[in-house]
Number of protein chains: 2
Amino acid sequence: MGTTLKDIAEYCGVSSATVSMIINGKSGRISDDTIRRVEDAVRHLGYTPNIAARSMVTKQSKTIGLTIPDISDYFFSELAKGVGDEADEHGYDLLIGNTGSKLDKEKEYIQVFQGRSVDGIIFAPLNSCEENDLFQGLQKKHYPFVTIERYIKDQVPGVFMKNFQGAYDLTRLMIEKGHRKIAFITGPLCTASASQRLSGYKAACRSMNIAVDEQLIFSGDFSYESGNRVGMEFFDERECTATAILASNNRMALGFYEEILSHGLSVPEDLSIAGIGGARFYPVLNPKITTIDMPIYDLGREAAKLLFHLLKGEEIKKRAVEFNLNVLDQGSIRDLNTLR
Amino acid sequence: MGTTLKDIAEYCGVSSATVSMIINGKSGRISDDTIRRVEDAVRHLGYTPNIAARSMVTKQSKTIGLTIPDISDYFFSELAKGVGDEADEHGYDLLIGNTGSKLDKEKEYIQVFQGRSVDGIIFAPLNSCEENDLFQGLQKKHYPFVTIERYIKDQVPGVFMKNFQGAYDLTRLMIEKGHRKIAFITGPLCTASASQRLSGYKAACRSMNIAVDEQLIFSGDFSYESGNRVGMEFFDERECTATAILASNNRMALGFYEEILSHGLSVPEDLSIAGIGGARFYPVLNPKITTIDMPIYDLGREAAKLLFHLLKGEEIKKRAVEFNLNVLDQGSIRDLNTLR
DNA sequence: ATGAAAGCGCTAACAC
DNA sequence: GTGTTAGCGCTTTCAT
């Protein structure tokens, strides 16, 4: 199809080795004249290097692989953007594997990635007991990879958000504003992030001498709909006397918020609400939801940075990069101390 | 690194040609015994074909390229999901090029894609006069590609949404509900979709003998913030007597909605609002925004389908696939006919 | 029913 | 300074 090195070489009357060196910037000992002629020819003939051929000899493809559960989820597309931008700056391209949260798909992509000789892999969330084998296999092969928000034993390089601390801080804020009965909506507890957030909530309660009441813990799955569902359950149970709701992510918080409004109640006058981040949502609402700010884009970038360190064979000082999470108070938690 | 064809061949005491045929299902004239032995060895040794090597000889990479302006935008990530799922079903992988809406980035990705011998390319929106050259170049090289929502002369294969018709229908609905002064917020008019939506709006007005009032047309850029900004302008101009707002997409509609609420007004009692789709938004609001339902995922899938037809060299009956758009009335438009 | 050999486009080592 | 050569892992004739 396209122009090859050989075409350029013949056109210039030099060998393809010479052209190769020039193209790869290893023109140390090549005459300026030749360099110019070759460069002209490259432009003239419109040469594009064949990456496959190059990969075969260099053993690297300048590509990194990324597996994510769902690219249409804002969390993961924002993450992918961070990874992609960082890769781009290093002259790498990105192959994305959409797993649909299925472990066998993830395994499949590992094969695909290897077949395509990607230089390294980044794995975003998905959790199962089988995973350790997966990662151990890669480690044994010395295949560089980085995980995002996946806590696993024998810690491999990874980037994380301080989910526990974020949940803890937000819960503390609610308590400090005078709430003693705070309902919690969990995410899918098989994921590390959801279970850590739950732990943070519980720890904060205990730290303020509030007994954790299992009746106040509702289980969701990070979806908007599960926020709705919990909202309906909540209002059905007459005896539920919570004054505030904390959702493990913002999507669920929004789902719950909808139920509050559709019951003709107001936030925060009748009920306070907060969410632990992880989904973009357009403000609109008044008040907006008090939340935990999550640096998703940076998380992706940092994961890629870590991978590139690995690829350069650099000694990694810290195999785990952790991100602090900050509370963003937007007025959806009522301050009970001010009434009297 | 990994196991090669040759490894398998030696292990089984056959030639690599034989193994190759078996792996590629061209085992027509190979003894069942050999087949079984090879297949066992493949499993045992954990063979993964080297795609780069294969591509070199077959001249195809089983990869398609997709350029999008912003992967973290729901429209494009949903689109990418559709493309990816369809690709997956055909045994293809997806290389995504994030252009940040920059034409030179898009050009760069064309190079990258060619270098990686992607079998075909799908281009999602971005618009400029330089584009025609770009596409003509590809066409001359007989490089298969498909566009999404890009109207260009000498129509290349592409998939489209009936933006004009969608805007037209939604505007008509507003008029039928008795609105005569309908403000419009445009998207960036350099994009085909935005300008078509504007045309649809104007045409609907004219069809009902309503003069198009340029004072009622505000320019936005598809962002939430521009919806806010237009909202502020709107309320600043005392003489603006519109009873309804139509935004060229939902993000802007939401931005405007926020301004309505923050002025202490209600939808649709004080002001009616609608948006022409293109962004996911969580319901929450009451009423939800009346909108145009957009089959974004399907659009992506259909684009990929079209590309695969091209790749198979099949005769394309229709080079343009168009999607009908339907109005989704959710109550944010007040019916002025019912009052007296 | 299977093997030998050529060649895809490129880079790297070593000659000259 | 530049050319020659070998080889990366695979598929594909063409022999046998």
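Both backbone and side-chain heavy atoms feed into the values below; hydrogens, waters and symmetry mates do not. Every chain is numbered from 1 and lettered A, B, ... according to where its sequence line falls, protein lines coming before strand lines.
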### Query
Are A:Val118 and A:Tyr143 close enough that some pair of their side-chain heavy atoms sits under 4.5 Å apart?
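Sidechains of A:Tyr143 and A:Val118: in contact.
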Send over the distance from [X] [atom1] to [N] [atom2], rounded to a whole Å.
{"X": "A:Asn50", "N": "D:dC8", "atom1": "CG", "atom2": "C1'", "result": "13 Å"}
{"X": "B:Ile30", "N": "D:dT16", "atom1": "CD1", "atom2": "P", "result": "19 Å"}
{"X": "A:Gln60", "N": "D:dG9", "atom1": "CD", "atom2": "C1'", "result": "17 Å"}
{"X": "A:Arg54", "N": "C:dA12", "atom1": "CZ", "atom2": "C1'", "result": "14 Å"}
{"X": "A:Lys62", "N": "C:dC10", "atom1": "NZ", "atom2": "P", "result": "17 Å"}
{"X": "A:Ile23", "N": "C:dT11", "atom1": "CD1", "atom2": "C1'", "result": "12 Å"}
{"X": "B:Ile22", "N": "C:dA1", "atom1": "CD1", "atom2": "C1'", "result": "11 Å"}
{"X": "A:Arg37", "N": "D:dT2", "atom1": "CZ", "atom2": "C1'", "result": "11 Å"}

### Message
Is there a side-chain contact between B:Thr34 and the phosphate of C:dT2, meaning an N or O under 4.0 Å from OP1 or OP2?
### Response
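Looking at the OP1 and OP2 atoms of C:dT2, one of them is under 4.0 Å from a side-chain N or O of B:Thr34.
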### Query
Does the side chain of A:Lys59 get closer than 4.0 angstrom to OP1 or OP2 of D:dG9 through an N or O atom?
yes
### Query
Does anything in residues 4-21 of chain B reach DNA chain C, meaning a heavy atom under 4.0 Å, and if so which residues?
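Close to the strand are B:Gly13, B:Val14, B:Ser15, B:Ala17, B:Thr18.
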### Query
What pair of heavy atoms forms the shortest contact from A:Leu299 to A:Val159, and how long is it?
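Looks like O-CG2, 3.7 Å.
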### Distance flag, aromatic centroids of A:Phe123 and A:Phe135, threshold under 6.0 Å
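So the answer is yes for these two rings.
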### Query
Using the benzene-type ring in the case of Trp, are the ring centres of B:Phe323 and B:Phe160 under 6.0 Å apart?
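Ring centroids of B:Phe323 and B:Phe160 are no less than 6.0 Å from each other.
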#### Entry: Nearest-nucleotide 5' precedence on DNA chain C, B:Met56 against B:Ser31
B:Ser31
### Task
May I ask you to say what A:Ser55 touches in the nucleic acid, namely base, sugar-phosphate or nothing, with a heavy-atom cut-off under 4.0 Å?
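Nothing, no nucleic acid heavy atom in range.
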### Task
Inspect the contact between B:Asp33 and B:Arg37 and indicate whether a charged nitrogen and a carboxylate oxygen are less than 4.0 angstrom apart.
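Counted as a salt bridge, because a side-chain N and a carboxylate O are separated by less than 4.0 Å.
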### Ionic contact status for A:Arg116 with B:Asp93, cut-off 4.0 Å
yes
Without placing hydrogens or testing angles, list every side-chain donor-acceptor pair under 3.5 Å for residues 95-102 of chain A, not counting sequence neighbours.
unit_1	atom_1	unit_2	atom_2	d
A:Thr99	OG1	A:Ile68	O	3.3
A:Thr99	OG1	A:Ser101	N	3.1

